[in-house]
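Structure record follows, encoded as structure tokens.
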Protein chains: 2
Amino acid sequence: MNRPSDTQERILNSARELIYASSYADVGVASICEHAGVKKGSFYHFFPSKSDLTRAVLETYFIDIKERIIGQALMDDLPPLQQLQNITQIVYEFQKQTKEQTGQILGCPLGNLATELSTTDEPIRNKIANIFQRLQESFQLLLEKAHERGDITDINTEATAAAMLAYFEGVIMMAKTRNDAEVVKQLLPAMVNIRITQ
Amino acid sequence: MNRPSDTQERILNSARELIYASSYADVGVASICEHAGVKKGSFYHFFPSKSDLTRAVLETYFIDIKERIIGQALMDDLPPLQQLQNITQIVYEFQKQTKEQTGQILGCPLGNLATELSTTDEPIRNKIANIFQRLQESFQLLLEKAHERGDITDINTEATAAAMLAYFEGVIMMAKTRNDAEVVKQLLPAMVNIRITQ
DNA sequence: GATTGACTTGACCGACCGGTCTACTATAAT
DNA sequence: ATTATAGTAGACCGGTCGGTCAAGTCAATC
């Protein structure tokens with residue numbers, strides 16, 4: 001009774017791209033369907049609302065960041081602080097690449113939606129808060145490893161991880177606003193020097 | 001031949017409040033007019049478009065930040081790094097206050113619009129980039145004073161000011177996403193320890 | 001007191017919004 | 001072969017969007 005279909009994925013990918021390239025409000029359901037090659041009826045067969053779809057899209061953003069940025073940075077068998085440094089380099093290259101391809105710095109898909117929707121769509125705000133938490137924990141894990149190795153001392157790893165994530169998002173916001181990837185190159189490496197003591 | 005009128009200011013103040021409380025896309029021209037007690041015709045007499053109005057609103061956001069936050073922090077005759085520290089404290093109290101009054105952390109009005117519109121409205125992106133530049137210069141001035149006093153050495157004041165502003169925006173974004181002012185209290189003071197060396 | 005022009009009024013526009021609905025198709029289970 | 005159902009198609013809905021416009025009001029100028 002179930003026909004296999006890639007429609008759901010097509011919708012997700014379409015929304016992923018369009019929302020990242022502009023904003024939640026600026027991308028209509030009709031555009032998402034058109035870009036996916038799908039009719040509106042199918043859209044609402046798979047997703048009860050645009051907000052629901054966006055929460056699903058957010059999860060794919062997280063998976064991408066986790067795999068393509070953090071996972072990539074951890075592949076080299078380096079000290080944890082070096083791996084953190086890797087992250088900043090990978091992000092720079094990614095932002096630079098999208099700038100070359102689209103002419104624009106698109107920023108962070110999570111931060112973009114966080115600032116746009118946190119006050120008007122509670123389920124989305126909550127979803128993003130949850131994702132930020134998981135990213136923070138990835139940072140924290142690296143900090144704890146560095147602590148065990150004796151690379152850092154007297155540090156509040158949880159608060160420092162949160163501070164690093166905040167700096168990360170802030171730098172990317174500035175790069176997007178100036179539409180200049182070099183902002184990332186100049187500022188983001190300093191992320192690994194942030195410390196919040198106990 | 002010119003009748004004095006507070007209509008323009010009423011529109012500006014209305015838009016200021018409504019856009020800060022939600023977002024650019026979520027606030028219609030009709031809502032702005034209604035909240036200002038003004039008819040649509042008057043709106044388009046004073047402002048050629050919603051985008052133009054928003055650029056004027058952005059300038060008022062800057063003036064407010066400059067006067068009510070930076071100006072306030074500089075009133076006490078303290079060492080420059082202490083004055084920077086003051087800024088973080090004032091911002092915490094402000095965010096905490098809006099949370100108490102509205103139940104929500106509204107974040108930074110500049111950062112909010114920066115992430116929402118930088119890729120879709122070039123004049124607005126440019127306006128925000130300009131404002132960020134001026135804020136960065138305020139930070140830089142304090143860093144240079146600190147340098148002259150010998151409080152800090154071997155520092156790239158321009159890059160460090162940019163990094164501090166980025167961290168500032170990032171922390172406020174996280175507070176908004178978590179809808180928790182305590183994030184600001186815990187993370188923002190570390191802003192003054194950020195250094196980017198030459 | 002006639003003229004000028006800044007300002008106000010509110011009806012109106014086409015386009016688009018998110019979402020609904022009914023009819024239809026295709027396939028898998030019986 | 002019949003039935004059940006997941007998925008597709010696309011017309012349609014009321015409401016809202018940013019923006020326009022013609023008509024009018026009012027005060028300052030001459």
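Just so it is clear: chains get the letters A, B, ... in the order the sequence lines come, proteins before strands, and each one is counted from 1.
When rounded to the nearest whole Å, the span between CD of A:Glu9 and P of D:dG7 equals 13 Å. To the nearest angstrom, C1' of C:dA6 lies 15 Å from CG of B:Asp6. Remark: P of C:dG19 and CD1 of A:Ile11 are 14 Å apart, rounded to the nearest angstrom. Residue A:Leu18 contributes atom CG, which lies 12 Å from atom P of C:dG18 at whole-angstrom precision. One interatomic measurement links the two molecules: NE2 of B:His45 to C1' of C:dA6, which rounds to 5 Å at whole-angstrom precision. If you take CG of A:Asp52 and C1' of C:dG19, they are 13 Å apart, rounded to a whole angstrom. Remark: P of D:dA6 and CD of A:Gln8 are 14 Å apart, rounded to the nearest angstrom. Computed from coordinates, the A:Glu34 CD to D:dA9 C1' distance equals 15 Å when rounded to whole Å.
Salt-bridge formation is not detected for the pair B:Lys96/B:Glu182: no Lys NZ or Arg NE/NH1/NH2 atom is positioned less than 4.0 Å from an Asp or Glu carboxylate oxygen. Salt-bridge formation is detected for the pair B:Arg125/B:Glu122: a Lys NZ or Arg NE/NH1/NH2 atom is positioned less than 4.0 Å from an Asp or Glu carboxylate oxygen. Here A:Glu59 pairs with A:Arg134 in a salt bridge; the nearest charged N to carboxylate O distance falls below 4.0 Å. The residues B:Asp180 and B:Lys99 are annotated as not salt-bridged, no charged nitrogen and carboxylate oxygen being separated by less than 4.0 angstrom.
For A:Gln89, the side chain to side chain contact (heavy atoms under 4.5 Å, CB included) criterion is met by A:Tyr92, A:Glu93, not counting sequence neighbours.
A sub-4.0 Å separation between OP1 or OP2 of C:dG10 and a side-chain N or O of B:Lys39 is present. Distances shown here put a side-chain N or O of A:Thr7 below 4.0 Å from the OP1 or OP2 atom of D:dT8.
Relative orientation of the A:Tyr167 and B:Tyr167 rings is tilted, given thresholds of 30° and 60° on the angle between their planes.
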Between protein and nucleic acid, restricted to nucleotides 18-22 of chain D and to nitrogen or oxygen atoms under 3.5 Å apart, what atom pairs and distances do you find?
from, atom 1, to, atom 2, distance (Å)
D:dG18, OP1, B:Lys50, NZ, 2.7
D:dG18, OP2, B:Val29, N, 2.8
D:dG18, N7, B:Lys40, NZ, 3.1
D:dG19, OP2, B:Tyr44, OH, 3.0
D:dG19, OP2, B:Lys50, N, 2.9
D:dG19, N7, B:Lys40, NZ, 3.2
D:dG19, O6, B:Lys40, NZ, 2.7

